[in-house]
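Notes follow once the structure below has been shown.
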Protein chains: 2
Amino acid sequence: MDVVARGRGRPRKALVVPAAQVPRTGLHEQAAARLKDMIVRGVLPAGATLVETDLSVALGVSRTPLREALKLLAAEGLVDLHPNRSARVPDWTPEEILELFEALAGIERLTAELAAPRISEALMDALRGKQAQLDRMHRDQVLDAYFALNQEIHRTIVTAAHNRPLAEAHAPLQARAQWARLRALSSGSRWEESAREHRDLFEALAARNAAEAGAIAHRHVLRTGVVIAETLQARRTDPAGR
Amino acid sequence: MDVVARGRGRPRKALVVPAAQVPRTGLHEQAAARLKDMIVRGVLPAGATLVETDLSVALGVSRTPLREALKLLAAEGLVDLHPNRSARVPDWTPEEILELFEALAGIERLTAELAAPRISEALMDALRGKQAQLDRMHRDQVLDAYFALNQEIHRTIVTAAHNRPLAEAHAPLQARAQWARLRALSSGSRWEESAREHRDLFEALAARNAAEAGAIAHRHVLRTGVVIAETLQARRTDPAGR
DNA sequence: TTTGCGCAAATTGCATGCAACATGCAGAAA
DNA sequence: TTTCTGCATGTTGCATGCAATTTGCGCAAA
């Protein structure tokens with residue numbers, strides 16, 4: 001295939017380094033990733049109808065990989081796909097968002113429970129660092145950085161749970177949750193509470209207390225979902241209200 | 001589009017009944033369903049490489065919908081898909097099966113916890129019927145009917161949890177779990193135990209005891225996974241051993 | 001014998017063309 | 001006016017063709 005040593009036999013004279021796993025992804029995956037990003041960030045607004053031809057020229061690919069990408073996103077629930085109809089960006093109701101966070105809370109409870117006993121020292125250290133940084137973000141009131149780091153911590157815990165199928169089940173929910181979070185960037189009061197929950201969760205993990213960590217994670221995510229759903233509900237009845 | 005009255009306006013003289021929602025699914029979905037079935041049932045054995053051209057003639061569709069179907073199955077983890085390589089049916093190790101059931105146990109715990117307080121009377125009745133039938137299957141030692149009904153009960157509980165995202169997260173795991181179950185049709189001793197767990201779970205649900213129902217479901221699925229993984233492990237070290 | 005190289009066959013990735021289906025509108029019938 | 005019908009247009013579903021990539025095999029060199 002190319003000059004780099006590949007495969008399992010020990011490379012005896014590797015003149016070139018194994019060239020750090022460039023993903024080498026196909027067009028349909030790139031298209032899917034870009035679409036996902038556009039939907040989550042709201043570039044493609046809820047309710048938008050996605051015409052294949054238009055989208056394909058917009059993304060610079062032909063319809064075939066685009067259609068494959070749409071199928072992938074449909075599997076994640078990020079687009080609605082009906083036979084012989086244009087794909088649409090779903091517009092989730094606050095009730096659906098609540099359902100979503102209920103499920104997410106349950107799954108993150110599991111990840112926390114699993115992570116508590118089996119998280120590696122290395123990941124625990126990483127988590128410690130992130131937690132400290134999160135506290136700084138909170139103290140300095142840097143909302144969007146806090147937001148991003150928050151997500152990262154949750155992902156780290158999922159990783160630490162060391163259960164691939166669970167992570168795979170988590171990912172699609174997480175994508176939709178981020179959609180909701182981004183358009184309900186939470187209120188200051190909840191921020192305070194959220195920061196404390198994060199500290200508590202970290203403590204529980206550090207103490208390897210599975211039940212406690214799970215319970216905290218569950219409450220944390222569920223509470224987040226309630227606040228977000230309420231925000232969206234309020235904005236729906238009064239669209240002008242920031 | 002055709003003779004049946006459709007749409008929202010009251011049909012004043014509907015000469016034909018609305019023709020009970022035939023799914024009208026596309027070729028790629030049919031192909032995906034058939035492939036899924038073939039993989040779960042073992043018609044396509046673990047490790048098999050799936051050549052698009054061959055499969056497409058076998059299923060009687062062209063490569064385009066077949067490729068879309070493969071992408072769908074890949075999203076469910078039922079095939080491995082790498083760029084520029086033929087798709088393969090994964091051959092899950094007993095360790096991976098154990099991970100899978102660990103995740104599944106967690107999710108079914110959630111479904112049981114959610115279902116306990118909110119299951120409708122109608123579904124509860126249906127469950128009662130299925131449970132009674134399950135007991136008969138157990139008494140009469142009809143293994144495969146027991147097996148099928150077992151699956152159905154689990155699905156019913158997922159439905160009763162009334163949380164769409166959670167059900168969507170559950171489905172792909174369930175597909176792989178069935179793959180494992182089908183090739184490790186459990187031992188008689190476990191059967192006894194499993195039947196009792198099912199009765200206990202039903203009781204807990206009937207009593208609307210969320211924590212108890214969740215705990216039972218968790219143990220039940222996890223234990224099933226352990227037995228299945230052990231069976232697969234044993235068969236792997238001694239392939240001849242039934 | 002073993003290792004490396006290069007070509008040929010097989011296979012996937014993608015683009016494009018055509019048929020089927022849906023939707024909206026104009027015009028006819030009631 | 002209101003409702004139904006048929007057509008025109010836009011869009012999706014699928015098949016097929018071609019280029020790019022992988023893979024297996026033969027053959028020569030060490």
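Computed from a prediction, not measured in an experiment: that's the story for all the values here. The basis for the numbers below is simple: all heavy atoms, side chains too, and nothing from hydrogens, waters or symmetry mates. The sequence lines fix the lettering, A, B, ..., with proteins before strands; numbering per chain opens at 1.
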request  = Could you tell me which residues satisfy side-chain contact (heavy atoms from CB on, under 4.5 Å) with B/His170, sequence neighbours excluded, listed by chain and number?
outcome  = B/Leu104, B/Ile107, B/Glu108, B/Val158, B/Gln174
Partners passing side-chain contact (heavy atoms from CB on, under 4.5 Å) against A/Ala145 (at least two apart in sequence or in another chain) = A/Met137, A/Val142
ask   = Which ring pair (Phe, Tyr, Trp, His ring centres under 6.0 Å) pairs, counting each pair once, include a residue from residues 32-79 of chain B, with sequence neighbours left out?
value = none
ask   = Can you find a pair of side-chain heavy atoms, one from A/Arg181 and one from A/Gln151, that are under 4.5 Å apart?
value = yes
ask   = Which letter, B, S or -, goes with each nucleotide of nucleotides 6-11 of chain C from 5' to 3', with contact meaning a protein heavy atom under 4.0 Å?
value = -----S
Rounded to the nearest angstrom, tell me the gap between atom [atom1] in [X] and atom [atom2] in [N].
X: A/Asn84; N: C/dC21; atom1: CG; atom2: P; value: 7 Å
X: B/Leu70; N: C/dG13; atom1: CG; atom2: C1'; value: 13 Å
X: A/Leu81; N: D/dG13; atom1: CG; atom2: P; value: 7 Å
X: A/Leu55; N: D/dT11; atom1: CG; atom2: C1'; value: 13 Å

key: Pair listing, salt bridge (charged side-chain N to carboxylate O under 4.0 Å, His left out) test, anchored in residues 53-63 of chain A, at least two apart   = A/Glu52-A/Arg63
Could you list all N or O pairs between the protein and nucleotides 14-17 of chain C that sit under 3.5 Å apart?
{"from": "C/dC14", "atom 1": "OP1", "to": "A/Leu27", "atom 2": "N", "distance (Å)": "2.5"}
{"from": "C/dC14", "atom 1": "OP2", "to": "A/His28", "atom 2": "ND1", "distance (Å)": "3.3"}
{"from": "C/dA15", "atom 1": "OP2", "to": "A/Ser62", "atom 2": "N", "distance (Å)": "2.8"}
{"from": "C/dA15", "atom 1": "OP2", "to": "A/Ser62", "atom 2": "OG", "distance (Å)": "2.6"}
{"from": "C/dA15", "atom 1": "O5'", "to": "A/Ser62", "atom 2": "OG", "distance (Å)": "3.4"}
{"from": "C/dA15", "atom 1": "N7", "to": "A/Thr64", "atom 2": "OG1", "distance (Å)": "2.8"}
{"from": "C/dT16", "atom 1": "O4", "to": "A/Thr64", "atom 2": "OG1", "distance (Å)": "3.0"}

Check: residues 34-41 of chain A side-chain donor-acceptor pairs under 3.5 Å, at least two apart:
{"from": "A/Lys36", "atom 1": "NZ", "to": "A/Glu76", "atom 2": "OE1", "distance (Å)": "3.4"}
{"from": "A/Asp37", "atom 1": "OD1", "to": "A/Arg41", "atom 2": "NH1", "distance (Å)": "3.3"}

remark   = Taken in chain and number order and not counting sequence neighbours, the residues that satisfy ring-ring contact (aromatic ring centres under 6.0 Å, His included) with A/His154 are A/His198, A/His220
key: Those residues that, when tested against B/Tyr146, pass ring-ring contact (aromatic ring centres under 6.0 Å, His included) (two or more places apart)   = B/Trp191
